[in-house]
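Have a look at the structure below before the remarks.
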Amino acid sequence: MKRFKAFLTRTVRPAPAAGTEPGVSKYDRFGRRRGGAETPRNSGRFALAIGLFAAVYLVIGARLVEWGVEPAETATYFRSANQSMSARPQILDRNGRVLATDITTFSLFAEPRRIIDPDEASELLLTVLPDLDPKWLYKRLSGKQGFTWLRRELTPGQKQAILDLGIPGIGFRSEKSRFYPGRSTAAYIVGHVNVDNQGTAGMEKWIDDQGFRALQHTGLASEADLTPVKLSMDLRVQHIVQDEITKAMERYQSLAAGGIVLDVETGEVIAMSSVPDYDPNVPSQALDKNRLNRMSAGLYEMGSTFKTFTTAMALDSGKVKLTDSFDASKPIRIGGFSISDFHGKRRVLSVPEIFIYSSNIGTAQEAERVGIEGHQAFLTKLGLLSKWKTELPEVATPTQPKVWKLINSITISFGHGVSTTPMNTAVAAAALMNGGRLIPPTFLPRTPEQADALAKTVVSKKTSDEMRYLFRLNVADQRGSGNNADVPGYLVGGKTGTANKVVHGRYSNTKKFNAFLAAFPMNKPRYIVLTVIDEPKPEKGKYYATAGMNAAVMAGNIIRRSATFLGVHPQFGDAGKSLLVSY
Amino acid sequence: MMSATTRQATSTIIADWWRSLDKWLLAAFLILLVAGFMLSFAASPPVAERIGLEPFHFVKRHALFLVPSVLVMLGTSLLSPRGVRRASFVILIGAIVLMVAALFFGTEIKGARRWIDFGPLNIQPSEFMKPCFIVICAWLLAEKVKRADVPGNLYALILLLIVTALLVAQPDLGQTMLVAGAWGGLVFMAGLSWLWIVMLGSVGLVGAAGAYFMFDHVASRIDRFWTGEGDTFQTDRAREAILNGGWIGKGPGEGTVKRLLPDSHTDFAFSVLAEEFGIIACMVLAALFAFIVLRGLSTALKQRDPFVRLSICGLVFIFGLQSIINMAVNLQLMPAKGMTLPFVSYGGSSMLAIAMSAGFILALTRKRAENRSYTDQLVHRTWVLHGAA
């Protein structure tokens, strides 16, 4: 301790013992280190330290340069939360027409603490926004808050008018708001967004579920980066479908109507609509239960259109040939039920006759020949009994009996006993028209090559050819049920379906669900057109409301109006050439 | 009344001081002080507003500390090396006592007991402890270098253990790292054998690993840095601020991202500088720190007295490490660690303490006759040429 004290007060002190043996000690007799005038400086370590520090500072400088040269586009610039959270990609139809886009609106806020005269301010504001409640407005403006919203989503004109008033303490924040120029035209496909500009239905929801919402949250979704989303829909055809079903609903005083146009080669949905519909600019309308996309989210017993699949199954199984005949003279009696024909011929019918007369008795016998298991397997193979996973979130899952018994198979053969969506029906029919390939439906553009990769063969080419013959026969033949769908030159084919609806657990005789499943042109089908109409009443001056009287007419109209847009050339044959020339 | 002779003596002292002073270093320190004050206009009003003070609260306090800081710096720079040592000894003892007291009576802020209230003044004794601790360690190590029989190294080690124990108890891991790092550098510069250096280095690594596993917040910060996941709000905003500023900045008062930075006036002042004055200004600032460190080290190399040499090294190490850690965190080069930027960040007692250590550096780097001894140089040259006897 004594030494320590001394050591505190003196810098250099003669070493007591060192120095007696000059050759041995590190210190000389003056207590100083040997070998030089001073202690070693460790210059090497100094150089190392200097080098290290210089290197670290250089790294810092390099990082600054790196961040300095970072291009401005990738820099996540500070943006107001409103703007970055709400920019969304445009939605376009297959030809680039705008279905949904962002527009800038202005939201008015006040900073009550900065408002000098709330009385004057509220009076002035009321001149531009007369629908604001004066008392409410005055209360808001005279409060003590720092910030309060007054009105959201104003137009640029209103904004300018308010700015011209020159009121201190109010301001605007620009916000993005979603706009659907087509209003209800494509409402069920495009969908809509909620007040925070997040997709809640249709393709808008799909965009969000693709990770777009995550992108929005990180602030990366700036307007510049957003590539528009193109749909498979053709807005022109969509409009025609929308127009026809709207008119049909009125003409036949029905509860609802719907239509779908599907590309048989690619599975693209070209148009799909359902009425009653809603305006996506007013999303609250969509809350009405009745406003439902019946084509993909509605489940129906499709009725006689299902005979298409029963016939195809029977032909594809090889157990029934086109030339076979079945006895349809007597109703089938099973388990206390009696199955009879609507247009009863009461005689032996050939397979094509069964199809065009829409004979329940004949169709049931065709199904019986395939067997219950084969029947269930075939409908499953065609995707009629399972949910199609599409981009659209609003898709229903078909229902079927838990256990298939003979009675089920018989009723299902003519379209009762399973409920499926019109979209499932159209997709399955497309497989029967395109040579037997089942292609999943899509709402996004798809090339034939991509479709080929997804396609599954479900029936033979021969069956497909025979079905095309039957389809065309049903429209072209005078005896067929689908005459009203014929459009000269476009070789329309199709099958009607008039299903009795279930009311209070029993099949009603008056309430019907009608459908027409059409395809054209039948020499090489390009499109499926399926129309449905719920509880139609007979047209003025007519006595029947069967599918041939309404659904077939709707399908015919849609084909007549849209065929040119769909790029299908009319074929009038030899007889028609002179007609074409005369045009 | 000063007598004629004392006045003359004083003027001689002042003249000697001015002649011997390293004016480049003095200029660098003063520029930093002024830059820090200017930056406080940009960096602190948003923070003051956020915590409900009047906008220029921190600016005023910064200004308030500016004059005493300059006085402390110039005052301490008048000291002789022996004076520096004695002052350090006294302050070190005082600071350690206050640190112990802070553990028991201190005000707890953000979960740490680092501050002691003296009426209006809130003092963080560990800030004053740092430079004094380094000076005393330098002296202990220097004695060991001069004389083999002095247990300087051991005393220095004990002192380090005491100080780190107190810092960990607060807890203040940033300062612990800083002090341990500077101490390690000092020992290295004192010429400790490589074997010892490797051993001490491993102890340091074990300590760092221990901190990772023992303190959750340390682990999460390091994880966040490596994985980029979790709450990286501050560092992300800092990056945004720097990118937003670009090369020449948005201009004074034009920064927007700085408003989102909770610690814009202290740990992230560098980012605010970038946003308003640009990356070039940041480079100038970094260059200023680099200049101080490198000039300090090269001046230290010329010192004959090992105590002076090591003291300068240690003080400059603290100064440099602190600036490097702060800038590296701002630039996402290392995990987030609260560390003030010397002279630039706001902080009353830290500014005074840094002014004091700057004063020490200035005092120790003054030109002294002993370093110019012609005979010594001759003897040294002879020794270099002809080897040891």
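Not measured: the values here are computed from a predicted model. Just so it is clear: chains get the letters A, B, ... in the order the sequence lines come, proteins before strands, and each one is counted from 1. Excluded from the calculations below are hydrogen atoms, water molecules and symmetry mates; all remaining heavy atoms, backbone and side chain alike, are included.
Every ring-ring contact (aromatic ring centres under 6.0 Å, His included) that B:F188 has, sequence neighbours left out, goes to B:W194. Listed by chain and residue number, B:F319 satisfy the ring-ring contact (aromatic ring centres under 6.0 Å, His included) test with B:F289 (two or more places apart in sequence, or in another chain).
Between chain A and the options B:I280, B:V293, B:I324, heavy-atom pairs under 4.5 Å are most frequent for B:I324. With chain A as partner, the option from B:G246, B:G185, B:A300, B:A328 having the largest number of non-hydrogen pairs under 4.5 angstrom is B:A300. Note: A:I50 leads A:I50, A:V56, A:L48 in heavy-atom pairs under 4.5 Å with chain B. For the set B:A286, B:G191, B:G278, the count of heavy-atom pairs under 4.5 angstrom toward chain A peaks at B:G191.
Within the structure, side chain to side chain donor-acceptor pair (under 3.5 Å) contacts touching residues 282-299 of chain B (residues at least two apart or in different chains) are B:D22-B:R295.
Heavy-atom distances place the side chain of B:I197, and not its backbone, under 4.5 Å from chain A. At a 4.5 Å heavy-atom cutoff, the contact between B:I242 and chain A is made by side-chain atoms alone. With a threshold of 4.5 angstrom between heavy atoms, B:A190 approaches chain A through N, CA, C or O but not through any side-chain atom. For a residue to count as touching a neighbouring chain, one of its non-hydrogen atoms must lie under 4.5 Å from one of that chain's; by this rule B:F270 touches chain A with the side chain only.
In terms of modelled atom types and a separation under 3.5 Å, the side chain of A:R63 and the main chain of B:L331 share a donor-acceptor contact. Formation of a donor-acceptor pair under 3.5 Å by the A:R45 side chain with backbone atoms of B:L192 is found in this model. For B:W139 (side chain) and B:F307 (main-chain N/O), no donor-acceptor pair under 3.5 Å exists by modelled atom type. Put simply, the side chain of A:D208 never gets that close to the backbone of A:Q198: no donor and acceptor are under 3.5 Å apart.
In the displayed structure, B:W196 atom CH2 is contacted under 6.0 Å by at most 12 heavy atoms of other residues, nucleotides or ligands. A 6.0 Å sphere centred on CG of B:L154 holds more than 12 heavy atoms belonging to other residues, nucleotides or ligands.
Contacts from residues 153-165 of chain A to chain B, taken as heavy-atom pairs separated by less than 4.5 Å, involve no residues at all.
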Begin from the C-alpha positions of B:L92 and B:L159 and carry the test side-chain contact (heavy atoms from CB on, under 4.5 Å) through to its verdict. CA-CA 10 Å; B:L92 179 62; B:L159 198 53; 4.0 Å; yes
